[in-house]
Each structure stands twice: as structure tokens, then as C-alpha cells.
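Quick caveat, the model's predicted, so the values are computed rather than measured. Residue numbers start at 1 and run along the sequence shown.
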Amino acid sequence: MLPTYDPADWESLAPYPADLGDWAAPRGVQPLEDSPIDRATMALQIRHGGDRQVLYVRGVDEHWRTVDVDDLKFEFGGEYYIGLDRGSLSPDGTDLALRQADHVVVIDLADQSRRSYPVAGLTKPWTGRAVQWTLDGTALLLSRDWLYARKPLAYRDGWRIDLRTAAVTRLDYDPEYAAALDDGTVIADHWSEVSGHQWSVISPLGAVTDLGGLDHSAVLSQPEGHGQVWAALRELALLDGRRPWDASGLAAYDATGRSRSLLPVVGTENNGGGGQLIGWLTDSVLLFSMPITGDPRHVGVVAWEVETSRLWRGPLLLNASEVSLARH
């Protein structure tokens, strides 16, 4: 019988042994300019109502700082969804990339200097869904916009921004629907409303191999890689219930698409239950969030040790928040 997580049991989980900080109401906060850091371990954006956003970074000293973003645009819903993304913090934690309507802003956390990278074609239909760093920290990958006039609907491309030259090139996959492994391999979902979900392995040299019927009865979303393992939210399209792997929740795979682990989550059949992958805390521990039963304002963060299925309670998180973790 597979271990199962029930969001109603969140408070009964043992707390994660390492200090992850207070995510719902960070304490002891100082402005970044008054308390400089060389790098951050995580970034947190909280929406406090209206257009008011507060952006925090947590240094290796485990203290939070606020980042001055008063001149930047943050919107949720409507035409734009911009600001912090789970891929915003650079792998080494030294820079922060923030989505804007027609460009990406990169903030150097050591001196708070900024660089702006415009991307032609980011018009109002762009929803700004995702920005993430390449593993070497030399480029940003930007999710493709959903053009309303484009039929059939698909997510099959995106942009790559070279941070040294500011050159923008097109990708053959949408990075929001892809996971990068440490050897440069990319696992990507080339979805369209005609062909459905088609997962592929893209080698560091660009060779594409079809993964075939990877979880053909499930919809996988929010893929996230670390080492040679990647994880995703898993929602079954067909509920059979007779096999142990017929469950919605979270799943981990290797580069060949072989299942490494599955964590069924109660109540995730309907669009993932509102869950979000946050990122890999260590080589083997993945953080995710799920709404807490009976609490509309908060979600509970959970640490999942993929190989053993052990679970810990993480921080409480406000529902209107985004979190980004440094990869190293």
C-alpha cells in the first residue's frame, strides 16, 4: 500500500528538522540595502491586497530582507501574471529574475543593481507564466505566450535570453512545461489540443527522443528536475483504482520516464487540488504546497523525501504567495 498524504493531516506532521523560516509573516525583516547579502537561499513574494506586493529574500544567515521593487509592476489575473516565479532565484542565489510585461528584470542581490532584458513580441496576451535560469546561470528561459488567435492551442516553444549578450533566441519547447536535469538533459511536454500530451527527452546536444506513453492515463504539470530525477504534479484522467499506481498526487521519474516514486494526495483529482510544486530543497527532498482543509487563506508546505516517502511539515504560506528556491 502506497503512503498517502491527506492535507487535513498537515498539522500532525513532524516539523522539518532544518529551519525554513516563517513564510506567512517573516519576522526580523530588514531592508536589503541596510543588510546586504552575497546570496539568498530563497525568495518570497506576498500579495497583501490590491497591487501591494512585498518581496523578501532569505540569506544564508537565515534572516529575511525586503527588496525594493516599488518601481516594478506586479499584477495577478487579467492580462498579466508577472513578478516572482518559482524559477526566479538564480541557481547560486546571487540574482533574482522578475517577470515584467515586456521584459525581464534581473536584480543583483549583492549590490541591488538591475539589468533589463526586453523580449520582442511580449504583447498584452502574454500571461508571463514562467521564467527560470539555466543551470550554469548564464541565461534565462522564458515561457511562450498564449496567443489567442493561434489555433490549435499548444505549448511547444519559448525564449532563451543570453545574459551576457542580451540575445534572444527561440526554444523548441516551453520551459514552463519542462524539467532540466543536472547533465543538461531536458524532459519536456509538447502539448497541443490536437495531439494531447507528448513527453520527450531532449539531450544536451538537442537530440529529441519520444518518451512514448509516459503516464498516458495521467496529466502531469509543473515538472521540476534535480540531479537525474524530475517530479511533477500528477492528476489521473482515468480513475481505475484497481492498481496501486492509479492515484493523483505527486510523482518522481528518472530521465527515461521510469517511475521512481509516487505520493498520492487526497483530494487532488480536481485540477491537482490547488497544489503547487515549490522546488527541490535537497537532492532527495521536494517541497510542495497544498491548501489546508477549512482554511481559505493559507496553504501548508510539505517536505517529501522522494525515495522513502517520508513527510514533514514545512512553513505555513499565504495563499497569494510565490516562492523560489536557490538550486545549490
Quick one: salt bridge (Lys or Arg N to Asp or Glu O under 4.0 Å) partners of Arg114, sequence neighbours excluded? Asp71
Non-neighbouring partners of Asp9 that pass salt bridge (Lys or Arg N to Asp or Glu O under 4.0 Å), sequence neighbours left out: none
Examine Leu286 and Leu135 and state if one hydrophobic cluster contains both, with Ile, Leu, Val, Met, Phe, Trp and Tyr joined whenever side-chain heavy atoms are less than 4.5 Å apart.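 The answer is no; the residues belong to distinct hydrophobic clusters.
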Establish whether Phe288 and Ile292 are linked, either directly or via other cluster members, by ILVMFWY side-chain heavy-atom contacts under 4.5 Å.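 Yes.
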With [X], which residues qualify under side chain to side chain contact (heavy atoms under 4.5 Å, CB included), at least two apart?
X      : result
Asp283 : His226
Pro36  : none
Asp254 : Thr256, Arg258, Arg260
Glu305 : Ser284, Val285, Thr308, Arg310, Trp312

Exam field: side chain [X] to backbone [Y], donor-acceptor pair closer than 3.5 Å:
X      : Y      : value
Arg65  : Ser35  : yes
Ser309 : Pro3   : no
Thr185 : Ser203 : no

Using side chain to side chain donor-acceptor pair (under 3.5 Å) as the criterion, list what pairs up with [X], not counting sequence neighbours.
X      : result
Ser200 : none
His298 : Asp295
Gln132 : none

Given [options], the one that forms side-chain contact (heavy atoms from CB on, under 4.5 Å) with [X]:
X      : options                : value
Leu325 : Met42, Glu224, Arg58   : Met42
Tyr56  : Val323, Ile46, Leu84   : Ile46
Leu250 : Leu262, Val302, Leu277 : Leu277

Could you list the cluster mates of Leu171? Members are the ILVMFWY residues connected by side-chain heavy atoms closer than 4.5 Å, either directly or through other members. Leu141, Tyr173, Val186, Ile202, Val208
To which residues is Leu214 joined in a hydrophobic cluster, defined by side-chain heavy-atom contacts under 4.5 Å among Ile, Leu, Val, Met, Phe, Trp and Tyr, whether direct or through other members?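 Joined to Leu214, directly or through intermediates: Leu181, Ile187, Trp199, Val201, Leu211, Leu220, Trp230, Tyr253.
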Could you grab the distance from atom [atom1] of [X] to atom [atom2] of [Y], nearest 0.5 Å is fine?
X     : Y      : atom1 : atom2 : answer
Leu96 : Ser88  : CG    : OG    : 5.5 Å
Leu20 : Arg313 : CG    : CZ    : 11.0 Å
Thr94 : Asp38  : OG1   : CG    : 9.5 Å

Identify whether the distance between the nearest side-chain nitrogen and carboxylate oxygen of Asp182 and Arg327 falls below 4.0 Å. yes
Determine whether Trp280 and Val229 make a side-chain contact, defined as any pair of heavy atoms from C-beta on separated by less than 4.5 Å.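 Of all side-chain heavy-atom pairs linking Val229 with Trp280, at least one is under 4.5 Å.
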Name all pairs fulfilling the salt bridge (Lys or Arg N to Asp or Glu O under 4.0 Å) condition that reach into residues 204-217, sequence neighbours left out, sorted by first residue then second. Asp215-Arg234
For Asp183, is the CG atom crowded, meaning more than 12 foreign heavy atoms sit under 6.0 Å from it?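 Enclosed: over 12 neighbouring heavy atoms sit under 6.0 Å from CG of Asp183.
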